[in-house]
A.B. asks: 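Structure incoming, see below.
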Amino acid sequence: MSTLPFWATVLTFGLVIGMAALLLNIEAGWGGMWDLGIAGQVAVGAYSYALLTSPPDAVVPGLGLPFWAAMVGAGLITMIVSALIGWPTLRLRGEYFLITTFAFAEIIRQLIVIQRGLTGGTFGVTGIDKPFAEYFLPSAYPFILLGLAAAATVLVLLVSQRVSNSTYGLTLRAARDNEPLARSMGTAVDRVRIATYALVGLMTGLLVAPVYVWFLGALVPASFTTHLTFLVWTGLVIGGLGSRLGGLIGAVVLTVASEAVRLISVDPEHASRLAAFQPFLVGVLLIVLLRWRPEGLLSERGAFRKRAKPLDRIRRDDPQTLEAVSA
Amino acid sequence: MQSLVFGLITGSLLAVATAGFALLRNTERFLHIAHGQFMALGAFLAVVLTAQWGLVPGVLVSVTVVAGAGVLCGALLFDPVKPQGGNVLLFTSIGLAWVIYALLIAVFGTEVRIFEVSLGQGWDLGPISLAPGELAILAIAALVILGLWLLLNRTGLGRSIRAVASNRELAEVRGVPVVRVSRVIWALSSALAAVAGILLGVLGTVTTELGWSNILLVLAAAVLGGTGNILGVIAASLVLGIVMDASALVIDTSYRPVVAFVILIGVLVLRPEGLFSVARRREVAA
Amino acid sequence: MTRRRGSVIPLLLSSLVVAACAEPGGPSAADSGGASDDGGDIVFGQLLGITGDYASFSPPAIEAAQIAVDEINEAGGVLGREVTLATEDNRSTVDGAIAGYQKLVSVDGAQVLGSLESDGIVALYDTITEQQLPTICSSCGTTFLDDKGGEYFFRVTASDSDAGLIAAQLARDAGYKNMSMIVQNTEGASGPAEVAEAAFSGIEGNEVNTVTIEPGRSSYAAEVDQALSTNPDVIYVGAGIEAGLPILREIHRRGYDVPIIVSPDLILPETTTVPNADNLVAALGAFDVDSPTYESYAERFQERTGEEPSPGLYDANNYDQYILFALAMQAAGTTDGSEVASKIIDVASAPGTKVYSYAEGLEALENGEEINFEGASSSLDMNENGNLVSPQLSILRIVNGEWAPTESVAIDSSLRPSA
């Protein structure tokens with residue numbers, strides 16, 4: 001039998017995590033906003049998408065919109081929710097921001113469980129509208145989905161590149177490296193951060209969440225726990241926090257490596273040991289990489305060395321050039 | 001009234017767990033996510049060992065083993081990356097959490113385990129009911145916390161720990177044996193995690209998810225308590241425990257987990273330095 | 001289908017290329033549900049939670065499946081071909097189920113799928129229907145399948161609606177009026193509880209107080225306190241083992257001594273150790289212990305594991321589903337998914353010669369007879385929605401430290417919501 005559909009599915013999941021990691025990189029890598037609430041944003045986007053596409057007469061009634069309209073809708077809703085969460089929390093720094101976003105994600109998940117009238121509760125939302133599914137053989141659809149995921153990833157990459165090369169991206173990184181200085185030079189740091197958070201929300205709702213929903217085929221709250229957040233973070237840290245492509249590569253390596261374990265055949269009675277291998281691999285990768293290659297597979301320094309020379313000088317050790325560059 | 005008692009039990013267990021977490025946070029300056037897994041490790045070891053060697057020896061050995069494991073992890077995994085700052089330490093800790101979690105599954109399996117300890121039946125004391133076992137858990141938690149407080153405030157070792165917590169470099173200059181103090185902190189913190197894990201296991205069940213399901217609350221209590229005095233952490237834990245359990249009187253119980261986090265966010269937004277912090281410290285993790 | 005397993009990296013690259021090529025609807029690598037009568041082994045897929053929440057159910061399920069496959073092969077296999085069992089872990093999560101499903105179908109080439117739990121079934125419903133993969137569920141009670149089964153989905157266990165009804169019926173028949181329900185916030189627990197609540201409160205003069213709990217807490221004292229605050233004369237606990245155990249002990253600790261109806265998830269050896277074990281009662285799809293199929297199965301199960309089959313662990317249901325697959329495939333004369341699926345209800349239900357093993361069924365089929373396989377878990381007669389017509393339910397209590405069936409009951413259909 002062919003292993004291709006299996007790898008297509010695994011790679012699709014890898015790209016979902018990879019897209020989330022690229023967005024997280026804008027926010028955390030360049031913006032210095034350590035967000036542990038990714039699962040919450042993805043959940044908002046995913047449920048928005050599902051409820052916008054679900055027909056009005058379904059078990060969990062929705063609006064029955066076509067998939068592209070629902071993607072736009074999910075993007076806008078997630079953006080608004082992110083801005084609302086960002087407004088009070090972005091004033092907090094460091095671990096306070098971290099724990100607050102963590103708490104928000106947990107609250108969102110709990111609300112999904114409790115508000116069963118709206119979200120289907122733990123029963124979940126089924127009958128997800130997958131784009132173009134009717135034109136293809138079901139056995140070919142994993143490849144179509146992979147193609148869609150790849151297209152979405154390209155879009156996320158373009159946005160990420162655009163941010164990294166823009167004055168806006170520069171301001172973001174400057175505010176991360178030396179906030180008082182950035183403020184003193186008239187940068188509206190809070191506004192830049194809220195804008196970033198909203199942008200990440202928009203892209204999450206528009207692209208990451210819908211692809212994740214297509215991949216899942218049905219939504220249950222258990223798909224949006226902190227494990228999802230940690231997976232995205234681990235992918236980004238492995239790939240290289242602050243680099244342009246690191247998040248994507250790290251996330252794909254991580255998911256592919258951990259699913260490849262399935263191809264090792266063992267007796268069922270040893271299956272639980274084998275199943276423990278995935279978290280083990282994630283943990284060891286994190287520990288080892290941080291110890292011997294703390295910048296990840298690709299580093300921020302490397303990312304900005306060639307193309308944006310002036311940026312390299314705006315490090316903590318040399319903030320004086322900030323004025324010249326941002327002017 | 002009754003829910004006050006329950007809240008006190010929940011809160012005191014949380015306090016034991018959070019005290020260890022806060023010790024590391026204040027001295028080594030990072031969020032030790034793997035703390036939850038040390039709790040689970042302690043509970044699993046104790047469940048197995050108490051069944052073989054009896055309650056007291058089993059618990060003592062488990063706590064000692066976990067403390068030793070903590071010291072080893074601190075020396076071998078965390079010390080080498082310390083110069084790279086709190087973020088690298090944080091993610092090393094997340095990595096360690098995954099590894100311990102995987103080892104727990106591989107070694108102990110995923111079945112639910114229970115301590116063969118009965119807490120007895122509740123005595124009716126006026127408006128409240130309290131079982132002997134619950135009283136024992138409360139007493140143990142109180143003793144552990146009291147012991148920790150005495151150690152920190154009444155001994156030379158405690159003075160060294162507090163010195164390292166308030167200013168590591170200064171402490172080093174003043175001749176505090178920083179490395180040795182760090183080892184002691186790892187041992188203490190891990191032992192506290194094990195005690196908390198065992199008490200939680202006795203009250204409920206022991207599963208491989210024990211660590212992940214408790215670390216969020218520990219984080220919340222630690223952040224609410226602020227980075228100043230250990231008493232702040234304990235107070236925050238008790239407040240969280242009581243409010244969570246008392247909330248059942250006012251709103252639907254399914255909202256109980258949400259309550260803790262809503263309080264957390266509310267407090268942080270209004271008072272970003274924590275409920276009980278004396279001095280404000282900015283950008284702890286960054 | 002001729003592509004062999006290659007190394008990882010070229011595969012990753014090439015799958016992107018293939019994805020691009022496959023876009024215009026070109027012929028794809030594998031039509032997995034379709035006919036592949038090309039000789040070689042027939043693969044029976046088993047997807048279940050070896051790790052995670054369902055972990056304690058998986059070892060007996062895997063043993064039982066292996067017993068079935070051995071029996072099939074000893075009788076000469078299906079369509080003259082050997083059968084192999086491919087087992088995959090879904091980590092008791094939805095994304096695990098999706099990755100595991102892809103692995104089973106595309107890598108292992110599974111022709112049928114068994115054992116998957118409720119949430120995985122719900123998530124994969126559309127995919128499985130599209131791929132026309134015959135799927136039998138050995139343990140899932142989800143009400144989702146009440147009207148959605150019958151084409152590719154079948155189950156050999158009672159629906160949650162039945163489990164809920166029987167709980168209400170138990171309470172009613174014992175004359176209780178005031179029930180408190182402690183229900184975990186998960187699909188498996190809240191499904192039956194909602195049916196029970198509706199049925200019990202529908203009876204004149206009855207009161208129900210429902211308390212919802214979220215699993216993963218260190219204690220459930222406040223929730224139990226609230227459940228006891230209405231002085232119930234009977235308590236219903238619908239929860240997984242992890243939350244259920246502390247709840248049962250907490251009820252005892254508060255000195256509350258009334259009957260406790262527990263959901264099937266709590267029919268496990270662990271609950272026999274709680275101090276109020278004598279108060280516990282549960283209803284469950286019972287094994288048909290008098291049937292020859294059960295006797296022969298139980299003997300082999302005991303030989304392999306040293307333990308008795310246990311209704312709470314659904315092991316006999318796991319055995320039954322694979323015998324059914326094999327018989328249906330033999331009856332269809334092909335491994336084609338939709339053909340096989342269309343035969344499952346036929347070989348499981350009357351009319352037909354009653355058969356009690358795969359060998360008997362095979363012989364009858366080869367003689368051109370219609371068959372009706374009587375399983376080890378129940379008679380397996382199904383309605384047109386692939387649900388059991390008359391699931392055998394029995395009342396279990398803890399006797400001498402073990403869960404034991406004490407009487408069997410039929411569902412009073414007057415309790416069903418008049419929809």
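Letters A, B, ... mirror the listed sequences (proteins, then strands); counts begin at 1.
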A.B. asks: Under 4.5 Å from any heavy atom of chain C, what part of A:Pro142 do you find: side chain, backbone, both or neither?
C.D. replies: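 The side chain, not the backbone.
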A.B. asks: Is C:Glu214 close to chain A through its backbone or its side chain, or both, or neither, when contacts mean heavy atoms under 4.5 Å?
C.D. replies: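 The side chain, not the backbone.
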A.B. asks: Tell me, side chain or backbone of C:Thr142 under 4.5 Å from chain A's heavy atoms, or both, or neither?
C.D. replies: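 It is the side chain, since no backbone atom gets that close.
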A.B. asks: Taking side chain as everything from C-beta outward and backbone as N, CA, C, O, which of these in C:Asp126 sits under 4.5 Å from a heavy atom of chain A? Side chain, backbone, both or neither.
C.D. replies: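 Answer is side chain: those atoms of C:Asp126 sit under 4.5 Å from chain A.
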A.B. asks: Given a strict heavy-atom distance threshold of 4.5 Å, which part of A:Ile128 is in contact with chain C: side chain, backbone, both, or neither?
C.D. replies: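 Backbone only.
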A.B. asks: Output all residues satisfying side-chain hydrogen bond (donor to acceptor under 3.5 Å, both in side chains) with C:Glu197, sequence neighbours left out; order by chain, then residue number.
C.D. replies: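 side-chain hydrogen bond (donor to acceptor under 3.5 Å, both in side chains) list for C:Glu197, sorted by chain: C:Thr210.
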A.B. asks: Among A:Phe67, A:Tyr49, A:Tyr47, whose side-chain contact (heavy atoms from CB on, under 4.5 Å) with A:Val213 holds?
C.D. replies: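 Result: among A:Phe67, A:Tyr49, A:Tyr47, A:Tyr49 is the only option passing the side-chain contact (heavy atoms from CB on, under 4.5 Å) with A:Val213.
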A.B. asks: Which of these, A:Thr204, A:Leu228, A:Leu15, A:Ile17, sits in a side-chain contact (heavy atoms from CB on, under 4.5 Å) with A:Tyr212?
C.D. replies: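 Only match with A:Tyr212 under side-chain contact (heavy atoms from CB on, under 4.5 Å): A:Leu228.
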A.B. asks: Give a yes-or-no answer on whether the side chains of C:Tyr101 and C:Gln131 include a donor-acceptor pair shorter than 3.5 Å.
C.D. replies: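 A donor-acceptor contact under 3.5 Å links the two side chains.
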A.B. asks: Residues in ring pair (Phe, Tyr, Trp, His ring centres under 6.0 Å) with C:Phe153, at least two apart?
C.D. replies: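 C:Phe153 satisfies ring pair (Phe, Tyr, Trp, His ring centres under 6.0 Å) with C:Tyr125 only.
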A.B. asks: Please determine, by modelled atom types, if C:Gln321 and C:Ser115 share a side-chain donor-acceptor pair under 3.5 angstrom.
C.D. replies: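 Side chains of C:Gln321 and C:Ser115: pair found under 3.5 Å.
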A.B. asks: Heavy-atom cut-off 4.5 Å, strictly under: side chain, backbone, both or neither for A:Val220 against chain C?
C.D. replies: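 Contact with chain C: side chain only.
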A.B. asks: Tell me, side chain or backbone of A:Tyr141 under 4.5 Å from chain C's heavy atoms, or both, or neither?
C.D. replies: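 For A:Tyr141, neither part sits under 4.5 Å from chain C.
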